[in-house]
Amino acid sequence: MGLLDKNKTNKKKPTDKTNQRPLGACIVTKSLLEGTSQLKWMFRENNGIGTGWVALGHTDTQEYINQAENLAVVDFSTLMEIEPVVRNVFYMPIGADLEFISDGMYFVDTRTGEEIREPVKHPLQMAFERNLKFLNQETYDISFFQNLFCKTEKMEIITVGEVDFPTGNVVLADPMVYLGNEKYQTALEKQIPKGSYDVELSMIWSALAGVRVAAARLKISDQIALRYEIAMPKGFELADLQKPGVFSFFGVDAGLACFADAMTAKEYKTFLEEWHREYPNGNLYEDYFAPLFAENAKSNVAMETGAGNFLLWKFPKSGKKLVMFASGMGDGIYSAYWGFDQKGNITELVIPFMNPEYFS
């Protein structure tokens with residue numbers, strides 16, 4: 001169990017640490033390391049030492065821990081060898097103050113009295129799960145959409161370039177997997193005027209997730225959107241949303257998304273067929289698009305934002321333009337939302353990938 005009786009030596013077999021990944025430093029008392037005390041208290045502070053965790057034994061006194069020679073800095077994995085249950089609280093935040101209940105092998109949060117019997121998830125995992133539940137709702141408060149494209153200290157709005165819409169029939173898809181496949185791409189019911197429109201990306205800088213695309217917007221007019229509604233697929237109206245088998249979202253399985261016209265989607269299908277005929281054993285992303293994304297990462301816009309996860313691409317034959325961009329946290333299902341001005345005209349189409357508040 002990893003518990004040690006008082007004044008007994010830890011006789012556990014040494015662990016082979018050859019392939020063990022360091023977890024970060026923590027402070028433990030010598031009594032724990034030497035096996036003369038059992039784990040009793042753990043707290044996490046912003047002390048500038050690795051993980052910030054401090055572990056004390058049940059016999060440790062204030063006088064004992066005030067003496068520097070009674071403390072040691074070790075990797076958290078060493079503490080896990082002494083008491084494996086500590087892995088359950090590894091991801092608790094700064095400020096955590098815990099008492100270990102050895103009889104039941106669990107921790108108690110001394111601030112709230114909450115019992116911690118299961119592993120605490122990584123903050124990024126918790127944010128990811130919250131985000132999944134948040135996405136694809138039928139509607140959101142208008143402030144959510146407005147804040148997605150409001151520049152802040154940790155959010156930048158960039159214009160990648162124009163996408164061509166020769167027919168005005170909008171298609172949403174993952175360009176590496178589904179674009180050009182009429183069965184799996186999502187064609188929308190509402191149309192937009194024929195033309196070329198800018199794609200804007202809301203980029204966030206997150207301590208948890210790094211630089212990510214929080215949302216993408218197809219900017220159709222300069223009018224301010226005063227109302228939003230979920231974009232329904234071809235053949236369905238908003239009233240059909242709750243009917244069995246009617247889904248508003250599109251799928252992403254390669255971590256990328258795009259706005260496209262139905263005509264350019266067909267042209268893209270032709271491009272794919274020709275490319276695969278020429279390179280039957282090739283990988284479309286690795287062999288063709290990855291170098292283009294890498295080159296784009298050197299562009300002024302990408303360098304300024306620190307992100308290269310988008311690409312303005314032109315069809316080799318026609319020159320029509322298509323913008324590809326990373327889909328927030330990656331694969332999943334995402335819905336788009338039409339924005340309307342005061343006259344009821346479409347002003348924009350927005351795809352939210354992340355709620356920035358969850359990843360701050």
Side-chain angles (χ1 to χ4, degrees), residues 128 131-132 134-137 145 148-149 157-165 169-188 190 192 197-204 209-220 228 230-234 247-262 264-265 267-269 271-272 284-285 288-290 292-293 296-297 302 305 307-315 320-339 348-356 359:
F128 178 78
N131 197 59
L132 280 182
F134 179 81
L135 294 174
N136 301 304
Q137 296 181 37
F145 293 101
L148 275 178
F149 290 89
I157 313 305
I158 62 173
T159 300
V160 180
E162 290 186 336
V163 176
D164 296 317
F165 287 87
N169 292 297
V170 181
V171 169
L172 306 176
D174 182 328
M176 295 299 113
V177 185
Y178 299 126
L179 185 61
N181 186 322
E182 293 187 4
K183 182 178 180 180
Y184 294 109
Q185 67 184 15
T186 298
L188 301 183
K190 293 186 185 300
I192 60 176
Y197 304 103
D198 279 329
V199 170
E200 298 175 344
L201 301 180
S202 172
M203 309 294 302
I204 64 168
V211 181
R212 300 277 177 167
V213 179
R217 176 165 66 178
L218 185 66
K219 193 67 176 171
I220 299 161
Y228 290 85
I230 199 164
M232 296 299 293
K234 182 72 71 176
F247 305 104
S248 64
F249 50 76
F250 68 99
V252 172
D253 280 322
L256 292 171
C258 70
F259 301 105
D261 186 89
T264 53
E267 184 176 345
Y268 188 77
K269 179 181 179 180
F271 162 77
L272 293 180
L284 179 67
Y285 180 77
Y288 183 84
F289 280 108
L292 298 179
F293 273 93
N296 178 71
T305 60
N309 43 7
F310 55 85
L311 175 67
L312 175 60
W313 179 69
K314 293 183 178 181
F315 285 85
K320 290 189 181 72
K321 299 182 291 295
L322 185 69
V323 172
M324 304 177 184
F325 39 86
S327 53
M329 293 300 293
D331 298 349
I333 55 175
Y334 302 96
S335 296
Y337 298 81
W338 294 111
E348 59 192 40
L349 181 62
V350 178
I351 307 174
F353 296 118
M354 301 168 66
N355 184 335
F359 297 89

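Heavy atoms from other residues, nucleotides or ligands lying under 6.0 Å from NZ of Lys234 number more than 12. More than 12 heavy atoms of other shown residues, nucleotides or ligands fall within 6.0 angstrom of atom NZ in Lys321. Crowding of Tyr288 atom OH: a count of heavy atoms from other residues, nucleotides or ligands under 6.0 Å exceeding 12.
For the pair Val323/Leu201, no side-chain contact is recorded, criterion being any heavy-atom separation below 4.5 Å from C-beta on. Two residues are said to be in side-chain contact when any heavy atoms from C-beta on lie closer than 4.5 Å; Met324 and Met176 meet this criterion. Counting only heavy atoms from C-beta outward, the side chains of Phe247 and Ile333 never approach each other to under 4.5 Å. At a threshold of 4.5 Å between non-hydrogen side-chain atoms, the residues Leu292 and Phe289 count as touching. Annotation: side chain of Leu256 is in contact with side chain of Phe293 (closest heavy-atom distance under 4.5 Å). Considering only heavy atoms from C-beta on, Met203 comes within 4.5 Å of Val213 through its side chain. In this structure, Pro356 and Leu148 have side chains that are in contact, with non-hydrogen atoms separated by less than 4.5 Å.
The main-chain N or O of Ala254 is found under 3.5 Å from a side-chain atom of Asp174 such that the two form a donor-acceptor pair.
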Open item on the list: Please determine whether side-chain contact (heavy atoms from CB on, under 4.5 Å) holds for the pair Leu132 and Met329, giving the CA-CA distance in whole Å, both sets of side-chain angles, and the decisive distance to 0.1 Å.
Closed with: CA-CA 10 Å; Leu132 280 182; Met329 293 300 293; over 6 Å; no
TODO: Give the C-alpha distance, both sets of side-chain angles, the deciding distance and a yes or no for ring-ring contact (aromatic ring centres under 6.0 Å, His included) between Tyr178 and Tyr268.
DONE: CA-CA 10 Å; Tyr178 299 126; Tyr268 188 77; over 10 Å; no
- [ ] Would you check, one step at a time, whether the test side-chain contact (heavy atoms from CB on, under 4.5 Å) holds for Phe259 with Ile351?
- [x] CA-CA 10 Å; Phe259 301 105; Ile351 307 174; 3.5 Å; yes
- [ ] Determine, stepwise, if the pair Phe249 / Thr186 fulfils side-chain contact (heavy atoms from CB on, under 4.5 Å).
- [x] CA-CA 8 Å; Phe249 50 76; Thr186 298; over 6 Å; no
- [ ] Start with the C-alpha gap between Ile192 and Trp338, add the side-chain angles, then the distance that decides, and say whether side-chain contact (heavy atoms from CB on, under 4.5 Å) holds.
- [x] CA-CA 11 Å; Ile192 60 176; Trp338 294 111; 3.7 Å; yes
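Of all non-hydrogen atoms in Phe250 and Ala257, the two that sit nearest each other are CE1-CB, 3.9 Å. Taking all atoms of both residues into account, the shortest heavy-atom contact from Ile230 to Gln137 is CD1-O, 3.7 Å. When all heavy atoms of Met354 and Leu135 are compared, the closest pair comes out as N-CD2, 4.4 Å. Nearest approach of Leu312 to Gly161, heavy atoms of both residues: CD2-CA, 4.2 Å. Across Ala262 and Val171, no two heavy atoms sit closer than the pair CA-CG2, 3.9 Å. Nearest heavy-atom pair, Asn309 versus Val211, reported as atom, atom and distance to 0.1 Å: ND2-O, 4.0 Å.
Note that OG of Ser248 and OH of Tyr334 are 13.5 Å apart. Values are rounded to the nearest 0.5 Å. With values rounded to the nearest 0.5 angstrom, Tyr197 atom OH is found 10.0 Å from Asp261 atom CG. To the nearest 0.5 Å, the span separating CG on Leu284 from CG on Leu272 amounts to 6.0 Å. Considering CD of Glu200 and CG of Leu218, their distance stands at 9.5 Å, rounded to 0.5 Å. Phe310 contributes atom CZ, which lies 3.5 Å from atom CD1 of Ile158 (distance to the nearest 0.5 angstrom). To the nearest 0.5 Å, atoms CZ (Phe145) and OG (Ser202) are separated by 12.5 Å.
Annotation: cation-pi pair Arg212/Phe359 absent, no NZ/CZ under 6.0 Å from the ring centroid and within 45° of its normal.
Between Glu348 and Arg217, at least one side-chain nitrogen of the basic residue sits less than 4.0 Å from a carboxylate oxygen of the acidic one, meeting the salt-bridge criterion.
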